[in-house]
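Just below is one structure, and these are the notes that go with it.
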Amino acid sequence: MIQQRIYFNSRDKLIRIDIQKIVYFEGDGNYTYIVTANKQKVCLTINLAHTEDALASQLGDNAKQFMRIGKRFIVNMKYIYQVDIQKQVLMLSDCEHFLFQLPVSKEALKAVKDLVIQTRI
């Protein structure tokens with residue numbers, strides 16, 4: 001399998017990252033944080049909408065493995081471990097090295113649950 005990488009270029013730095021290592025993106029105003037499988041958190045100086053555009057333009061069909069959830073998150077769907085609508089938590093894990101819990105609205109979680117059931121990802 002060929003590793004596919006995405007590039008983020010800003011005035012001061014270039015970030016090149018294997019998309020399989022990205023667990024999720026978290027938006028915070030004009031910044032986006034990339035959280036990786038080895039628990040690194042990298043700050044980008046672009047907002048989440050621009051991050052979403054970069055995924056679509058650079059990855060083509062592979063961008064479908066990433067899903068925008070609400071205003072704050074874009075998640076790698078292959079790491080979705082548990083959707084807890086009652087507690088309003090989305091858990092992302094590789095079932096071995098990490099477990100991230102993201103606070104997500106009930107409406108967004110219902111959409112995630114339906115999509116996961118539909119696509120069987």
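A heavy-atom distance below 4.5 Å is not found between the side chains of D84 and M91. Under the 4.5 Å side-chain criterion, counting only non-hydrogen atoms from C-beta, F8 is in contact with T51. Counting only heavy atoms from C-beta outward, the side chains of L115 and M67 approach each other to under 4.5 Å. Side-chain contact between K106 and L109 is absent, with no heavy atoms from C-beta onward closer than 4.5 Å. Contact annotation: the side chain of H97 never approaches that of K39 to less than 4.5 Å [non-hydrogen atoms, C-beta and beyond]. Looking at heavy atoms from C-beta onward, Y31 lies out of side-chain contact with N47 at the 4.5 angstrom threshold. Put simply, the side chain of E26 reaches to within 4.5 Å of the side chain of K41, judged on heavy atoms. Inter-residue side-chain proximity for R72 and L102 is flagged as unmet; no heavy-atom pair is nearer than 4.5 Å.
Hydrophobic clustering (side-chain heavy atoms under 4.5 Å, transitive across Ile, Leu, Val, Met, Phe, Trp, Tyr) groups V104 together with V116. Both V89 and L99 are members of a single hydrophobic cluster when ILVMFWY side chains are connected at heavy-atom separations under 4.5 Å. Residues L92 and I69 fall within the same hydrophobic cluster, defined by Ile, Leu, Val, Met, Phe, Trp and Tyr side chains chained together at heavy-atom separations under 4.5 Å. I17 and L59 fall within a single hydrophobic cluster, where Ile, Leu, Val, Met, Phe, Trp and Tyr are joined by side-chain heavy atoms under 4.5 Å apart, directly or via other members. Hydrophobic clustering of Ile, Leu, Val, Met, Phe, Trp and Tyr side chains at less than 4.5 Å, counting indirect connections, unites V23 with V112.
If you look at Y33 and F25, their ring centroids are not closer than 6.0 Å.
When all heavy atoms are compared, the tightest approach of F66 to I19 is CZ-O, 3.8 Å. Looking at every heavy atom in both residues, G70 comes nearest to A108 through N-CB, 4.4 Å. I85 and K113 get closest at one heavy-atom pair: CD1-CD, 3.8 Å. The two residues K71 and L48 come nearest to each other via the heavy atoms O-CD2, 3.4 Å. Annotation for A63 and A56: closest pair CB-CA, 4.0 Å, computed over non-hydrogen atoms.
Counting non-hydrogen atoms of other residues, nucleotides and ligands closer than 6.0 Å to CG of D114 gives a total above 12.
In this structure a side-chain-to-backbone donor-acceptor pair under 3.5 Å is missing from R5 to Y7. Listed for the T32 side chain is no donor-acceptor partner under 3.5 Å among the backbone atoms of D28. Not a single donor-acceptor pair under 3.5 Å links the side chain of N76 to the backbone N or O of Y79. S93 places a side-chain N or O within donor-acceptor distance of the main-chain N or O of F98, the cut-off being under 3.5 Å.
Here NZ of K78 is found 4.0 Å from CD of Q20. Values are rounded to the nearest 0.5 Å. Taking NE2 from H50 and CD from E52, the interatomic distance works out to 11.0 Å, rounded to the nearest 0.5 Å. For the atom pair CD1 of I22 and CD of Q65, the computed distance is 8.5 Å after rounding to the nearest 0.5 Å.
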Inset, instruction - Go through I6 and I15 one step at a time and tell me if the side chain to side chain contact (heavy atoms under 4.5 Å, CB included) criterion holds. - result: CA-CA 8 Å; I6 187 164; I15 297 170; over 6 Å; no

Inset, instruction - Start with the C-alpha gap between D18 and Q4, add the side-chain angles, then the distance that decides, and say whether side chain to side chain contact (heavy atoms under 4.5 Å, CB included) holds. - result: CA-CA 6 Å; D18 178 358; Q4 183 151 9; 5.6 Å; no

Legend entry - Residues I46, N30; criterion side chain to side chain contact (heavy atoms under 4.5 Å, CB included); working and verdict: CA-CA 6 Å; I46 59 175; N30 290 326; over 6 Å; no

Inset, instruction - Apply the test side-chain hydrogen bond (donor to acceptor under 3.5 Å, both in side chains) to residues Q40 and K21: give CA-CA distance (whole Å), side-chain angles for both, the deciding distance (0.1 Å), then the verdict. - result: CA-CA 10 Å; Q40 274 191 306; K21 305 284 189 233; over 6 Å; no

